[in-house]
Amino acid sequence: MIRKPVARTVISMGCGALVASVLAIMLGDWTVRRQQQADVAEMAHVYIARADQISGEANDALAEIEQTGDTSCSDAEVSRLRRIVLTSRYLKSTSRLRNGAVFCSSTVGAIDPPVPVSLPEVVGENGLNISFNAPQVGVPGANALLMQRGNAAVSLNGLAYIEAVDPRLDYTIVSGRQAPLRVLRAVGPVPNLDEAHLGTEQPIYLNNRRYEVSCSQRYAGCIVAALRQPPSILHSPVVLEFGMFGLLMGLSGGFAASVAIGRSRSLGKQLRVAMRSGQLKVVYQPIVRLSDRRQVGAEALLRWTDPTGKPVSPDAFIATAENEGFIGQVTRFVVTRVLEELHDELRRRPDFQVTVNVAASDILDNAFAPFLSARLQAAGLPPTCIGLELTERTTANSRELGKAIARLREAGHKVYIDDFGTDYSSLSYLSRLRVDAIKINRAFMQALHDQSDQDTIAPQIVAMAEVLGLSMVIEGIEEEQQAAYFLALAPTALAQGWLFSKPVEASRLFAA
């Protein structure tokens with residue numbers, strides 16, 4: 001008599017819990033997919049913003065070159081072309097043309113006989129011609145993206161356009177908004193866009209797959225993107241945990257859980273969770289003195305592996321933290337982790353310095369310097385053991401930034417300008433900000449195979465740094481040839497790169 005009521009109760013509870021769990025997982029799947037679509041749209045907008053910034057810089061440079069009537073390639077004109085490159089973030093070289101041929105270049109100066117430019121692959125608005133893989137004049141074997149208008153031309157690193165694209169995306173970059181569209185670059189399967197109209201920036205469905213669309217408001221370019229391999233909802237340990245919660249709590253609890261799961265999937269919120277759950281770690285790339293290869297410091301680098309075991313691009317999650325206004329929390333996380341992991345070793349090595357990447361908003365934050373001071377005092381360490389590398393994702397007021405940098409330097413911290421060079425940094429920073437050192441961009445390493453000492457502008461940058469009294473750190477050294485070149489050019493410089501060591505965990509940084 002007792003078994004039947006008990007059985008009915010068990011069956012009823014089991015069926016109710018099962019139905020509630022299935023509904024919760026289905027609703028969770030729908031919510032997570034919606035969030036994934038929003039994330040892809042956000043990543044596409046980030047790409048377009050970066051592309052507009054690069055194209056705008058190139059167009060401004062072309063306009064400046066066209067303003068002068070100098071046709072002689074004088075020393076003054078070559079210096080002006082080089083200044084345009086050095087005050088840019090993305091340009092590799094600038095040139096003047098005569099009858100469709102380069103006769104004057106920022107790279108090698110006068111060119112006789114002139115070298116014809118490549119035939120354009122795209123003819124844009126206002127007479128702008130674009131070649132995507134044109135030979136770079138004066139740099140044998142090197143190619144670049146070439147933009148030419150009138151008697152002016154600029155070349156730049158085409159990879160700069162896609163640096164901010166998250167590696168988890170399949171994407172196609174096109175010129176134009178309606179057929180016929182020209183595919184400029186594609187990663188992953190290329191969707192058939194023959195009938196696509198991209199001007200409305202509405203999502204499109206091709207081959208049963210949804211693609212998010214974002215287009216430039218200034219130029220004729222769009223990106224069509226989708227997640228490369230959207231993870232199954234059933235493979236998420238978080239979702240499975242909430243599925244168990246649905247078994248216990250029923251339909252209403254399952255619904256609430258699915259909403260929470262979906263909301264937790266945005267990149268920014270995932271990063272906040274990662275800081276609390278141990279998914280983030282700090283690794284250290286040694287910095288050595290070129291003259292004797294002695295290790296004198298290290299750069300702290302933040303790495304993130306998501307719960308599925310996939311690494312998340314630092315460019316993507318750092319940009320998200322800056323855009324959502326919590327980059328300060330990330331910086332404080334890194335500083336705290338560095339002092340927790342290395343305080344004993346740093347006490348034994350008072351001359352050793354660990355550099356931490358910071359944003360302009362960190363330096364401008366009035367609470368940042370007291371935070372550093374309190375952490376260092378608690379660890380029993382001097383301010384000199386922590387250096388600060390200023391990234392250039394900023395349009396901050398240079399006067400206020402300069403004052404904040406001065407206060408940090410007075411407190412004992414060295415301040416570096418990171419990634420200085422032809423691709424990503426601005427010489428104007430050095431005229432507005434008083435810093436201690438520059439880190440010369442790794443792009444110079446990539447060119448040394450094909451360049452002679454006379455073809456690269458590295459000597460000019462080194463000479464300029466020496467005149468300004470700035471220390472130098474050469475980034476990205478991977479071969480002995482590169483180390484020898486910069487040792488001869490700057491004997492007192494520091495260096496980092498795979499030739500000396502890959503980034504390592506704290507336990508291996510001081511290993512013999």
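Everything quoted here is computed from the prediction, not taken from an experiment.
At least one donor-acceptor pair closer than 3.5 Å links the side chain of S55 to the backbone N or O of A51. With D362 contributing its side chain and A359 its backbone, the two residues share a donor-acceptor pair below 3.5 Å. In terms of modelled atom types and a separation under 3.5 Å, the side chain of N323 and the main chain of A319 share a donor-acceptor contact. Between the side chain of S106 and the main chain of T94, a donor-acceptor pair closer than 3.5 Å is present. Judged by distance alone, with hydrogens and angles left aside, the side-chain atoms of Q329 form no donor-acceptor pair with the main-chain N or O of F326 at under 3.5 Å. Formation of a donor-acceptor pair under 3.5 Å by the E299 side chain with backbone atoms of V356 is not found in this model.
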Item to check | Q285 and Q496: CA distance, side-chain angles, deciding distance, side chain to side chain donor-acceptor pair (under 3.5 Å) verdict | outcome: CA-CA 7 Å; Q285 183 163 40; Q496 67 185 98; 3.1 Å; yes
Next on the checklist: Go through it in stages, so that I can follow the logic: the residues are R289 and Q295, the test is side chain to side chain contact (heavy atoms under 4.5 Å, CB included), and I'd like the CA-CA distance, side-chain angles, deciding distance and then a yes or no.
Outcome noted: CA-CA 6 Å; R289 198 160 47 206; Q295 183 174 309; over 6 Å; no
Item to check | Working for side chain to side chain contact (heavy atoms under 4.5 Å, CB included), residues D436 and R409 | outcome: CA-CA 8 Å; D436 297 279; R409 294 182 67 204; 3.0 Å; yes
Next on the checklist: As a quick check of understanding, evaluate side chain to side chain contact (heavy atoms under 4.5 Å, CB included) for N133 and L145, giving each step before the final call.
Outcome noted: CA-CA 5 Å; N133 198 34; L145 190 153; over 6 Å; no
Item to check | Check against side chain to side chain contact (heavy atoms under 4.5 Å, CB included), L302 and V330 | outcome: CA-CA 9 Å; L302 190 60; V330 176; 3.6 Å; yes
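To the nearest 0.5 Å, atom CD1 of residue I438 and atom CD of residue E475 are 10.5 Å apart. L267 contributes atom CG, which lies 4.0 Å from atom OG1 of T320 (distance to the nearest 0.5 angstrom). Here E389 contributes atom CD and D418 contributes atom CG; the two are 4.5 Å apart, rounded to the nearest 0.5 Å. Here CG of D292 is found 10.0 Å from CG of L487. Values are rounded to the nearest 0.5 Å. Note that the CG atom of D351 and the OG1 atom of T384 stand 8.0 Å from one another [nearest 0.5 Å]. A distance of 13.0 Å separates OH in Y485 from CG in L290, rounded to the nearest 0.5 Å.
Between F368 and L388 the shortest side-chain heavy-atom distance falls below 4.5 Å. The shortest side-chain heavy-atom distance between I386 and P383 does not fall under the 4.5 Å cut-off. Counting heavy atoms from C-beta outward, S214 and Y47 have side chains that stay 4.5 Å or more apart. Side-chain contact check for V224 versus L206: every heavy-atom pair is 4.5 Å or farther apart. Side-chain atoms of I287 and F500, non-hydrogen and from C-beta on, never get closer than 4.5 Å to each other. Two residues are said to be in side-chain contact when any heavy atoms from C-beta on lie closer than 4.5 Å; E212 and E42 fail this criterion. Within the 4.5 Å cutoff, side-chain heavy atoms of I327 are placed close to those of S361. Side-chain atoms of N129 and L146, non-hydrogen and from C-beta on, never get closer than 4.5 Å to each other.
Classification of E410 and R407 as a salt-bridged pair fails, no side-chain N sitting under 4.0 Å from a carboxylate O. Of the charged side-chain nitrogens involved, none lies within less than 4.0 Å of a carboxylate oxygen, so that E478 and K502 do not count as a salt-bridged pair. Using a 4.0 Å cut-off between charged side-chain N and carboxylate O, R332 and D365 make a salt bridge. Salt bridge annotation for E324-R272: present, with a cationic side-chain nitrogen under 4.0 angstrom from a carboxylate oxygen. Of the charged side-chain nitrogens involved, at least one lies within less than 4.0 Å of a carboxylate oxygen, so that E480 and R293 count as a salt-bridged pair.
Closest of all the heavy-atom pairs between L198 and C222 is CD1-CB, 3.9 Å. Annotation for A404 and L364: closest pair CB-CD2, 4.3 Å, computed over non-hydrogen atoms. Scanning both residues, V102 and V117, for their nearest heavy atoms gives CG2-CG1, 3.6 Å. Nearest heavy atoms, V312 versus F317: O-CE2, 3.6 Å. Residue V462 comes nearest to A490 through the heavy atom pair CG1-CB, 3.9 Å, listed as atom of the first residue, atom of the second, then distance. Nearest heavy atoms, S105 versus L81: C-CD1, 4.2 Å.
Geometrically, R96 does not engage F103 in a cation-pi contact defined by less than 6.0 Å to the ring centre and at most 45° from the axis.
In this model, no donor atom of one side chain and acceptor atom of the other lie less than 3.5 Å apart for S131 and E121.
For the disulfide bond (SG atoms under 2.5 Å apart) test, residues two or more places apart in sequence or in another chain that qualify with C104 are C73.
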